[in-house]
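Order of the sequence lines sets the chain letters (A, B, ...), proteins ahead of strands, with each chain counted from 1.
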Amino acid sequence: MANETNQFSEIIAHCKEYGYIFPSSEIYDGLRAVYDYGQNGVQLKKNIRDYWWKSMTQMHENIVGIDAAIFMHPLTWKASGHIDNFSDPMIDNKDSNKRYRVDHLIENYAEQLALEGKKEEEFALLKSMEELLGKDDFAGIKNLIYENNISCSVSGTCNWTDVRQFNLMFDTQLGSISGEAEKIYLRPETAQGIFVNFLNVQKTGRMKIPFGIAQTGKAFRNEIVARQFIFRMREFEQMEMQFFVRPGTEMEWYNYWKSERLQWHESLGIPAEKLRYHDHVKLAHYANAAVDIEFEFPFGFKELEGIHSRTDFDLKQHQKLSKKKMQYFDNELKEDGKPYGNYVPYVVETSVGLDRLFLSILSTAYAQEKWLKEDGTEDSRVVLKLPPKIAPYKLAILPLVKKDGLPEIGKQLLHDCQKSFFTFYEEKDSIGKRYRRMDAIGTPFCVTIDHQTKEDNTVTIRDRDLMTQERIALADVKKLIEEKIKD
RNA sequence: GCGGAAGUAGCUCAAUUGGUAGAGCGAUAGCCUUCCAAGCUAUAGGUCGCGAGUUCGAGACUCGUCUUCCGCUCCA
């Protein structure tokens, strides 16, 4: 009966129409690549986050959570490498549209000079470049490129844009007195909040390796091109867990989390064929192994979660800059009967984008269905087949008519149920229309109060996905739903 | 960032050669009530994305700008 299509633009439209996601500050034309979660979206997002939180912390006695601030000491980003690696001045060639890091562009040209035997010119060029870069004199850099007639290797022209700084980190000022204010960054990842709290948590929680610290929270990246709805946003939410292990055991844990995390996504109803691993060939500066779990979005397979073996890079860097020892004393005995002793732990990270996960779940759940009714006419619906445990509303209570005392029974049931889970109550419009509305927002169960209810205290309960109904005792409704929404 | 396309009511779309905006669905209120969006009545909702320009007159033409989608580019 199902004839499903999965057009991305239809999903976006559905999100807006049914209160899942709105463009940010839409009345002012929106803000590029920034979105707000609506009344249903916030609930779905929260349920996904809670499910992650529970499976990471509550279900693992050796993983605890924290909630670090978005603002962090500026040296944090020096230590992590974000300041040095992500603030390169760039320049575009207007003819080829090719973008270069200006230091690479000039260094390449300098190499040519060297090959031509013009050692002095090479030296002078590099020296001026360093001076200009040192004082962020971008106009000067551009002049330097023009003076030396440095051209684009693709177009061969010197038709350059201005030099621009592309720093992925947003900055702002801490302290309100200008001049005295300190430049401070909005965190580009939540991981560092965990690393800087490593000692606090390990000591106060008396944590023994291996152990993990989990955190969910907002991160900010000033992406040059942010697009594809909520897939790449400038403000987004991460759910990260850093797992601290004994050096040498990291690959074991890396493989453990690699398979663990894939299964977790499947437990949220994402079909296995829409998930795959993508091993990194080119590794980031901090990693010795990295894999992405990719999901087949409507626009192709893209990264959903990253699992990285980060070695001891981060803790060592913080040790270096903070001059605090990021050590752990391992009392467990080696084969020779002596303890493992002091070391800087290795880290295996799992990092999933909550917004991306939201989009994965939504695009998996979204379905347009068409079928023939008994009288031969076509019927159709749009339904979000969300797993009941994360659906915004778990149950809708629908009196068949709004008279004869049926609303009163419905409201009593609402009162009983809403203490335990989100319950929707609606008595307006035809029952079919109300079912369609509930399908559109993904409510898994609808209970209808009819005249028989008054006689024998039973109601019909309708399954969203099957559109079938069965009659159950009114008194069993709450218990039944609670059973259905359990993990 | 480059190229292409689009923007009129909550949604889908109309509006002659330029003559100061309409429909269906939806929403709200009421009536009716029969378990899968389709009965009846009434009401609300738009400075045509925004800003200039051309014109006696612009939703329509021109320019700019914002936003979105598609392709390229980028992506610790």
Establish, yes or no, whether a centroid distance under 6.0 Å links the rings of [X] and [Y].
X: A:Phe229; Y: A:Tyr35; result: yes
X: A:Phe8; Y: A:Phe297; result: no
X: A:Tyr185; Y: A:Phe170; result: no

Quiz item: With a distance cut-off below 6.0 Å to the six-membered ring centre and an angular limit of 45° from the axis, does A:Lys394 pair with A:Phe421 as a cation-pi contact?
Solution: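 That pair does not qualify as a cation-pi contact.
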Nearest-angstrom distance, [atom1] atom, [N] to [M]:
N: B:G19; M: B:U68; atom1: P; answer: 32 Å
N: B:C74; M: B:G3; atom1: C1'; answer: 16 Å
N: B:A60; M: B:U16; atom1: C1'; answer: 12 Å
N: B:A6; M: B:C61; atom1: P; answer: 11 Å
N: B:A15; M: B:G22; atom1: P; answer: 14 Å
N: B:U28; M: B:A38; atom1: P; answer: 14 Å
N: B:A44; M: B:G30; atom1: C1'; answer: 15 Å
N: B:G26; M: B:U41; atom1: P; answer: 14 Å

Starting from [atom2] on [N], measure out to [atom1] on [X] and report it in whole angstrom.
X: A:Met438; N: B:C36; atom1: CE; atom2: P; result: 17 Å
X: A:Asp429; N: B:A29; atom1: CG; atom2: P; result: 10 Å
X: A:Glu426; N: B:C36; atom1: CD; atom2: P; result: 17 Å
X: A:Ile27; N: B:C66; atom1: CD1; atom2: C1'; result: 15 Å
X: A:Arg436; N: B:A37; atom1: CZ; atom2: C1'; result: 6 Å
X: A:Arg381; N: B:A38; atom1: CZ; atom2: P; result: 16 Å
X: A:Leu406; N: B:U34; atom1: CG; atom2: C1'; result: 13 Å
X: A:Ile461; N: B:C35; atom1: CD1; atom2: C1'; result: 14 Å

Look at all strands and tell whether [X] reaches a base, only sugar-phosphate, or nothing, counting heavy atoms closer than 4.0 Å.
X: A:Asp450; value: base
X: A:Phe231; value: nothing
X: A:Lys428; value: sugar-phosphate
X: A:Thr448; value: base
X: A:Glu26; value: nothing

If the cut-off is 4.0 Å, is [X] near the phosphate of [N], judged by side-chain N/O to OP1 or OP2?
X: A:Arg437; N: B:A27; answer: yes
X: A:Lys16; N: B:G10; answer: no
X: A:Lys433; N: B:C36; answer: no
X: A:Ser9; N: B:U68; answer: no

Proximal nucleotide (of [options]) relative to the [X] side chain:
X: A:Arg471; options: B:C36, B:C69, B:C35; answer: B:C35
X: A:Ser430; options: B:C35, B:C69, B:A38; answer: B:A38
X: A:Glu17; options: B:C11, B:C35, B:C75; answer: B:C11

Quiz item: Which string of ( ) [ ] | and . matches RNA chain B, if you list each base 5' to 3' and count Watson-Crick or G-U pairs only when both distances are under 3.5 Å?
Solution: (((((((..((((.....[..)))).(((((.......))))).....(((((..]....))))))))))))....
Any salt bridge between [X] and [Y], counting N to O under 4.0 Å?
X: A:Asp429; Y: A:Arg437; value: yes
X: A:Arg232; Y: A:Glu303; value: no
X: A:Arg434; Y: A:Glu426; value: no
X: A:Asp36; Y: A:Lys16; value: no
X: A:Asp379; Y: A:Arg436; value: yes

Self-check item: Check: A:Arg232 side chain, B:C75 base, donor-acceptor under 3.5 Å
Solution: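 Per atom types, the contact qualifies.
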Quiz prompt | Contact nearer the 5' end of RNA chain B, comparing A:Ala13 with A:Val459 | solution =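 Nearer the 5' end of the strand: A:Ala13.
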Practice problem: Would you mind telling me which residue lines up with the more 5' stretch of RNA chain B, A:Lys402 or A:Asp463, judged by nearest nucleotide? | Solution: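 Checking each residue's closest nucleotide, the 5'-ward one belongs to A:Lys402.
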Exercise. State, without any angle test, whether A:Asp463 and A:Thr468 hold a side-chain donor-acceptor pair at a distance under 3.5 Å.
Key: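 A:Asp463 vs A:Thr468: no donor-acceptor pair found between side chains.
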